[in-house]
Engineer: 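Just dropping this structure here.
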Amino acid sequence: MKKRTIVLLILICSLSMVGIVFIQVYWVKNAVQLQAEQFDNKVQLILKSVVNRMFDERDIALSDTTRCKNLHCDHRTLQVLTSINTLRLDSLLNEEFGSMKISKSYKWGVFNADCETIFAGNSADFTPQLIATNHRVSLSCLYQPEELLLGVYFPEEKNVFWLKILPWLLLSFILLGVVIYAFSFVLFSLLRQKKLSEMKTDFVNNMTHEFKTPIATISLASEMLLKSEIAESPLKANKYARIIHQENLRLQQQVDQVLQISILDKGGFSLKRVEFNAHDTIKSCIKHFEITVREKGGFISGKLNAEKQVLYNDTHHFANMINNLLDNAAKYSPAYPEIQVITKNIDGMFVVEVHDKGIGIGNEDQKQIFRKLYRVHTGNVHDVKGFGLGLFYVKTMAEAMGGSVHVRSELTKGSVFEIRLPLNAEKS
């Protein structure tokens, strides 16, 4: 899939997700507004019902308890309480609100909105809110001298309708979260697959390039052997036969490396643990790379300071790990490789470090270099030979041996690869 297509797909999906979020917010807003309107209508119906029932019962004698017994009660208040049975009013409000299951936590009052005077009720602590409430009806049918209103205020009004839509709201957000998670998962999977595809293509190109050179050399040497003048000269024939043998070994090593990684990836390998001296193995590896490094004008040295260097592990894979790290140090050093191998003991572990002063590795690449097929780009894909399998092999084998591998690096200043293996692995 082309990069432009992927970007377009991501953009479309992202806009769709944003659209879904806005629609959800719009629906929630409308649902809350609808619940508020329904709540207002129910309260208004209750207030009208209460006033109608009070009107129907207006001939019932007022109880003495409805009359003002406060010494500071003025004439207007006394007149209002004489005309309106507030105890009956409170009883009817409680009855109606209880049957409608709206809310029992309410404050009510009989008041004059113009002069902001409350004559009766239980809203002493909520006087401003009660006078400003929208839940009100006229009491003109019960009291004529002035415009009185019956009002109700709900301190927890918003909670009433929020609680009704809360289950659906939570379900909506959960489903939306699932969709966003699924979208993100698919998106990152797509990007990972694209990256993996590029790495595999890079691997095939590198493998073709690596195989092409020895095949061409073998073909040329074979053609030379077929010539009569070469066949008649044992020295020349031996020379070309040796070239064919060496290139054939090189091809075999490359094929074995690819097959070995395939086995490691499937977990089908087994370690042949033996007791061996790690320093002897490291010295052998250093000696093997001395010629290659010196040909480039560099040097390789060992600083083997570990007091405990006898390991019980797979000596063959241990040597391969060291060779892989030394090979990388030589390949990624610009002109004159400077490689040093250091060993030490830390916390009951045998530690071997391979230091170089090569091109270094960036922070982003350091997080990826131990992945299979991953190669640090240095410009041309073929400027440094390799399949991107070496560090994956090192990491896999170090963990299989009960240890670990780490890297410290800085661009243009070199790298340090560290392998830690247990000294006291149990013999089996």
Side-chain angles (χ1 to χ4, degrees), residues 29-168:
K29 182 180 178 181
N30 280 358
V32 172
Q33 185 176 355
L34 180 61
Q35 289 291 329
E37 291 175 357
Q38 291 177 349
F39 182 82
D40 292 342
N41 292 336
K42 287 182 179 180
V43 173
Q44 205 67 21
L45 287 173
I46 288 175
L47 292 178
K48 289 180 179 180
S49 174
V50 169
V51 173
N52 289 336
R53 292 178 64 179
M54 288 288 293
F55 179 76
D56 293 338
E57 299 173 2
R58 66 187 181 281
D59 295 331
I60 298 176
L62 295 175
S63 170
D64 289 339
T65 57
T66 65
R67 301 186 181 278
C68 181
K69 296 182 180 180
N70 191 334
L71 296 176
H72 300 286
C73 183
D74 58 20
H75 176 73
R76 289 175 58 206
T77 304
L78 179 61
Q79 189 177 7
V80 170
L81 295 180
T82 302
S83 303
I84 301 174
N85 189 338
T86 55
L87 288 180
R88 180 58 179 164
L89 182 58
D90 183 40
S91 175
L92 290 175
L93 287 172
N94 186 60
E95 179 183 337
E96 291 286 347
F97 283 135
S99 63
M100 295 293 289
K101 297 181 181 179
I102 292 182
S103 174
K104 291 187 178 181
S105 176
Y106 63 90
K107 304 296 179 181
W108 70 274
V110 175
F111 61 92
N112 185 315
D114 294 332
C115 61
E116 299 184 354
T117 302
I118 296 179
F119 298 101
N122 62 351
S123 61
D125 297 331
F126 298 92
T127 298
Q129 293 89 336
L130 181 66
I131 292 175
T133 184
N134 293 324
H135 308 311
R136 57 172 70 179
V137 292
S138 175
L139 293 176
S140 58
C141 62
L142 300 177
Y143 187 77
Q144 297 291 336
E146 60 181 299
E147 180 64 29
L148 294 183
L149 300 173
L150 170 63
V152 181
Y153 170 70
F154 297 89
E156 299 179 358
E157 179 176 345
K158 291 184 179 180
N159 295 338
V160 174
F161 43 84
W162 272 108
L163 288 175
K164 290 185 178 181
I165 68 168
L166 184 60
W168 298 104

Engineer: With ring centroids as reference points, do Y106 and H135 lie under 6.0 angstrom apart?
Structural biologist: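 Ring centres of H135 and Y106 not closer than 6.0 Å.
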Engineer: What is the distance from atom CE of M54 to atom CG of L93, rounded to the nearest 0.5 Å?
Structural biologist: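 M54 CE to L93 CG: 9.0 Å, rounded to 0.5 Å.
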Engineer: Give a yes or no on whether N134 atom CG has more than 12 heavy-atom contacts from other residues, nucleotides or ligands under 6.0 Å away.
Structural biologist: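 No, because the 6.0 Å sphere around CG of N134 holds 12 heavy atoms or fewer from other groups.
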Engineer: About how many Å separate NZ of K107 and CZ of F126, when rounded to the nearest 0.5 Å?
Structural biologist: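 Atom-to-atom, F126:CZ and K107:NZ are 5.5 Å apart.
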Engineer: When rounded to the nearest 0.5 angstrom, what is the spacing between CG in L148 and CZ in R136?
Structural biologist: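 Answer for the CG-CZ pair, L148 versus R136, is 12.0 Å.
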Engineer: Do T133 and F154 have side chains that get closer than 4.5 Å, going by heavy atoms?
Structural biologist: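 No; the side chains remain at least 4.5 Å from each other.
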Engineer: Indicate yes or no: at least one non-hydrogen side-chain atom of R53 is less than 4.5 angstrom from one of E96.
Structural biologist: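 Result yes, sub-4.5 Å side-chain heavy-atom pair found.
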Engineer: Between the main-chain N or O of T86 and the side-chain N or O of D90, is there a donor-acceptor pair closer than 3.5 Å?
Structural biologist: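 Flag not set: sc D90 to bb T86 has no pair under 3.5 Å.
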Engineer: Atom CG of L89 and atom CG of L139: how far apart are they, to the nearest 0.5 Å?
Structural biologist: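 If we round to the nearest 0.5 Å, L89:CG and L139:CG are 7.5 Å apart.
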Engineer: About how many Å separate CZ of R88 and CD of E95, when rounded to the nearest 0.5 Å?
Structural biologist: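 That separation rounds to 6.5 Å.
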Engineer: Could you check whether any side-chain N or O of S140 sits under 3.5 Å from a backbone N or O of S138, counting only pairs where one atom can act as donor and the other as acceptor?
Structural biologist: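 Between the backbone of S138 and the side chain of S140 there is no qualifying donor-acceptor contact (under 3.5 Å).
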Engineer: Nearest 0.5 Å please: distance from the CG atom of L150 over to the CD1 atom of I84.
Structural biologist: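 That separation rounds to 8.5 Å.
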